[in-house]
Amino acid sequence: MSSSGVPEAGRPVVFRNGIVLTMDDSHTVLPKGDVLVIDGKIAEVGKSLTVPDGTFEIDADNGIIMPGMIDTHRHMWQSAMRGYGADWTLTQYFVWYYLEHGMKFRPEDVAAGNAVSALDAVESGVTTSVDWSHGLRTPDHGEAAYEALANSPGRFILAYGNLAGAPWEWSQEAPAFEFARDLGVNITTHAGVWGATNDDGIRLMYENKAMQPGYVYVHAATLNDESYQMIAATGGTVSLATESEQTCGQGYPPAHALRKHGIQASLSMDTSVWQSADMFAAMRATIGADRSWEHMHAHAKGDTVTHATLRVEEVVDWATRGGAKALGKWDQVGSLEKGKLADVVLIKNDDSPTMTPIINPYGHVVYQAGRGDVHTVMVGGELVKQNGKLVAGDLAGVRSQLESTVGYLQSELGDETWKAGMNPEIPETEILTNPYQYTRD
Ligand SMILES: [Zn+2]
């Protein structure tokens, strides 16, 4: 049984007969369970629930019901340039954004990027995103970024930042940190980024008592044990942006170091100028990088890894609970538990051979499913995606905003600069002389 159409506001909704990954403290999994939503909150999670008359039913059979995913670091404004920097290095990114063209973005361009990124997030099952908005060079830019998020479906935290300071000055932003502390707002900062910010940055922050519980350190990939200890001791968490760290070279994705120091991890996509914009990619990249690290180090010692340390279950934890904890929102989101806000994702695709059989649901989420398998997304009890289609927001309107932004940037840069920016030079690869020759006689 399932209902059709979009349920009117206020109508209770029940997800029926799915595999429920509650992500509660004991990671309870219901092999065939229901999730009942009333007044924007989770009213009940269990088997064959009795529901109020007129409850809208969503058939979750052959699917996985899980909490909405949480991205702790996404430069949403940059989605206006989606894919442009797919072949960039971090150096090319710094030059393009900080030194050459970042200042050309107008408030409406920041808004266009934010608007598309917001839809991109919820459509893939990310119900909360931290907008790491570091292109806000005037208050008008800030207003535009905020308005775009406020008018988009989903939950967003605007992390205000600007392009006034170059990345290598991040660690010396003590006055900004103090100002934020006085306002009672949290801080998220890039840290441990090869060639930009290193152990000195962490040490200076620590010595100046600028590190506080709840701070989110992004990447934290090029740090020594002492720096991780300072993060752990001050109650900080780390946002792993693995696709980014692997692609741009901030340092090796540090899940292994977080494990060693007992630091809470969350996951993030960083920027769609390069990378994909969904947590399936983030989960897969993160576990792949960690396993790669273990094998590489074992092989260097002549050993073989017989048991992988990082498990699919933990990676799903980071994509949900980890994000909620990093953002201080664990009492509201990050799990499917009675009383929490109803941010719910159903992964189900009866047309896809990849979605059957579902034997290991955590493994299925991490390695088998993709964003195209996200069937239903609910934020605070409201359906924003249904039957695999966005039903909230104005994608057509956002598309036309983007056309005008991309057109403007293209004409500001001029054809040649635009093309050169997208196609950086390739270093020469020397092909070794090969002593072998293959002949058949
Ligand atoms: Zn970043």
Side-chain angles (χ1 to χ4, degrees), residues 70-86 88-99 101-102 105 110 113-114 117-118 120-121 126 128-137 145 156-171 173 176 186-198 201-202 215-223 231 236-255 258 265-279 281-282 285-286 289 318 322-323 326-327:
I70 296 170
D71 183 336
T72 52
H73 154 241
R74 187 183 288 232
H75 304 281
M76 294 177 68
W77 66 291
Q78 295 182 337
S79 294
M81 293 293 286
R82 184 192 298 285
Y84 182 84
W88 279 357
T89 59
L90 196 58
T91 306
Q92 281 151 351
Y93 167 84
F94 284 153
V95 169
W96 201 94
Y97 270 101
Y98 283 89
L99 301 179
H101 308 302
F105 282 69
V110 171
N114 272 18
S117 185
D120 203 358
V126 174
T128 301
S129 305
V130 173
D131 177 18
W132 231 95
S133 194
H134 63 334
L136 306 178
R137 59 191 173 83
F156 306 97
I157 293 173
L158 178 67
Y160 195 98
N162 61 51
L163 283 169
W168 39 94
E169 291 158 348
W170 285 331
S171 57
E173 290 184 346
N186 216 343
I187 288 206
T188 172
T189 181
H190 287 126
V193 174
W194 177 261
T197 165
N198 53 23
I202 298 285
Y215 283 13
V216 180
Y217 302 87
V218 173
H219 305 306
T222 311
L223 295 174
I231 291 173
T237 68
V238 167
S239 176
L240 298 167
T242 307
E243 272 200 348
S244 178
E245 285 130 29
Q246 289 182 315
T247 310
C248 320
Q250 290 93 337
Y252 202 92
L258 307 188
S266 62
L267 303 184
S268 62
M269 285 321 309
D270 204 350
T271 172
S272 302
V273 175
W274 270 282
Q275 291 96 30
S276 28
D278 64 84
M279 298 298 271
T286 299
W318 293 348
L327 303 179

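Note that the structure is a prediction, hence the values are computed from the model and not measured. Read the numbers this way: they start at 1 and go in the same order the structure lists the ligands and their atoms.
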Locate the shortest heavy-atom distance separating Leu240 from Pro254; write the atom from each residue and the value.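 That would be CD2-CD, 3.3 Å.
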
Checking one value in my table: which N/O/S atom of Asp270 lies closest to the Zn ion (ligand 1)?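 Of the nitrogen, oxygen and sulfur atoms in Asp270, the Zn ion (ligand 1) lies nearest to OD1.
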
The Zn ion (ligand 1) reached by His219 (N, O or S, under 2.8 Å):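 So His219 does not bind the Zn ion (ligand 1) by this criterion.
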
Vertex the Zn ion (ligand 1), arms to His75 NE2 and His190 NE2, rounded to 10°: 110°

Under the criterion side-chain hydrogen bond (donor to acceptor under 3.5 Å, both in side chains), which of Gln275, His75, Arg74 is the partner of Asp270? His75

Given Thr188, which of Tyr217, Tyr215, Trp132 fulfils the side-chain hydrogen bond (donor to acceptor under 3.5 Å, both in side chains) condition?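 Among Tyr217, Tyr215, Trp132, the one meeting side-chain hydrogen bond (donor to acceptor under 3.5 Å, both in side chains) with Thr188 is Trp132.
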
I'd like to check Asn114 versus Asp131 (side-chain heavy atoms, cut-off strictly below 4.5 Å). Are they in contact?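 The answer is yes; the side chains approach within 4.5 Å.
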
